[in-house]
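Data first, discussion second: the structure below is written as structure tokens.
Counting convention: from 1, in listed order, for ligands and their atoms alike.
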Amino acid sequence: MIGIRIHGRGGQGGVTASRLLATAAYYDGMYSQAIPMYGTERRGAPLTCFVRLDDVRVRERELVHEPDIVLVLDPLLSTRQTMADGLKPGGLLILNTSLKPEEVQIGGDIRIATVDATSIALETLKRPITNTAILGAFSKVVGYPKLESIEKAIMKQFPGRIGEMNIAAIKMSYEKASEVVQATNTEPMESESLAVGGYGVLKDVSSWRVFSPVIDLDKCTGCKSCWLYCPETAIKWTEENKPEIEWHKCKGCGICVTECPVKAIEFKRVEVRR
Ligand code: SF4
Ligand code: SF4
């Protein structure tokens, strides 16, 4: 099983990248799964998606917490140590940056490949939509899906001229991707923690809340539905097998309130910001 996490911003096509990757892998004969994860959909907002690829049927449905590969579509996010959070030892970071991999300051027992996907997208698509412009690099440094399979997936999603422009982007990206090198810094750099959802990647979203979810732990059966459905990964799990809300990540969407099967979560008006 190969777990992949994709970081980007709204407007860069991260969700489409996850779909194209999963579809291309399917054309290669693999089993695949794409999991988009939205915060509020807004251009420029950080977003995260996940992909699983395997030779056997993929039965897991949760987020990929310890990816083998992290793909970063945004050049600013590509400078963040947090992009490597959770990456398995020896895991691979594929970054959209004009830097060579040995110049990247992200550290740890990780491998790095880079491609200037923004320049490629501007040249081929005339817009900074970097999703396809990084998939060619993925194919080259990972070894799959085949470039032809990505092309087929693109033409299915974007028949006609748009598809052809995106195919030009993946081909250029395939040619221009760097080699894979071990990270120059052996230790992780100082960095803020990563919350892999929507706006939560780099920002405190607590000021978005008008209502706050309040959990009655006496009623809670520990079923984990709230943890599973929370779009901001704002619910962590305690040693007592109970949910606990990380307030800086909670945007007050109320999904946990709806999903709790025993009505153990109540929505209360926020009077004081936490
Ligand atoms: S309201 Fe619930 S589901 Fe929504 S972000 Fe907060 S904890 Fe997560
Ligand atoms: S969904 Fe409700 S019962 Fe299940 S863990 Fe969350 S609070 Fe507890």
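The two residues E266 and V257 have their closest heavy-atom pair at C-CG2, 4.5 Å. In plain terms, the two heavy atoms of E175 and K140 that are nearest each other are O-NZ, 3.5 Å. Residue L53 comes nearest to A22 through the heavy atom pair CD2-CA, 4.5 Å, listed as atom of the first residue, atom of the second, then distance. Contact between E164 and M155 at its shortest, heavy atoms only, is N-SD, 4.0 Å. Minimum interatomic distance between A177 and V141 (heavy atoms only, all atoms of both residues): CB-CG1, 4.5 Å. Closest heavy-atom contact between K263 and T258: NZ-O, 4.3 Å.
Protein heavy atom at the shortest distance from atom 6 (Fe) of ligand 2 is C226 SG, 2.4 Å. When only non-hydrogen protein atoms are considered, atom 4 (Fe) of ligand 2 lies nearest to C223 SG, 2.3 Å.
Ligand-side atoms of ligand 2 in range of T221: 3 (S), 8 (Fe), range being under 4.0 angstrom from any heavy atom. Contact atoms of ligand 2 toward P261: 1 (S) (distance under 4.0 Å to a heavy atom of the residue). Listed by atom number, the atoms of ligand 1 under 4.0 Å from I235 heavy atoms are 7 (S). Within ligand 2, counting atoms from 1 as listed, the ones closer than 4.0 Å to a heavy atom of I265 are 7 (S). Close approach of ligand 1 to C253 (heavy-atom distance below 4.0 Å) involves ligand atoms 1 (S), 3 (S), 4 (Fe), 5 (S).
Of the options C260, S225, P243, the smallest heavy-atom separation from atom 2 (Fe) of ligand 2 is shown by C260.
The closest approach between any non-hydrogen atom of K224 and ligand 2 is below 4.0 Å. Within the structure, ligand 2 lacks C256 among the residues with a heavy atom less than 4.0 angstrom away.
With hydrogens and angles disregarded, a donor-acceptor distance shorter than 3.5 Å links the side chain of N96 to the backbone of A117.
Heavy-atom contacts from other residues, nucleotides or ligands closer than 6.0 Å to NZ of K100 number 12 or fewer.
Of all the heavy atoms of V262, the ones lying under 4.0 Å from any atom of ligand 2 belong exclusively to the side chain. At a 4.0 Å heavy-atom cut-off, ligand 1 touches P231 through the side chain alone. Counting heavy atoms under 4.0 Å from ligand 2, residue W237 touches it through the side chain alone.
The distance from atom 8 (Fe) of ligand 2 to the nearest N/O/S atom of C220 is under 2.8 Å. The nearest N, O or S atom of C250 is closer to atom 6 (Fe) of ligand 1 than 2.8 Å.
Checking each of F138, Y26, Y27 against P145 for a side-chain contact (heavy atoms from CB on, under 4.5 Å) leaves exactly one that passes, namely F138. If you run side-chain contact (heavy atoms from CB on, under 4.5 Å) between V70 and each of T48, L87, I106, D85, only L87 comes through.
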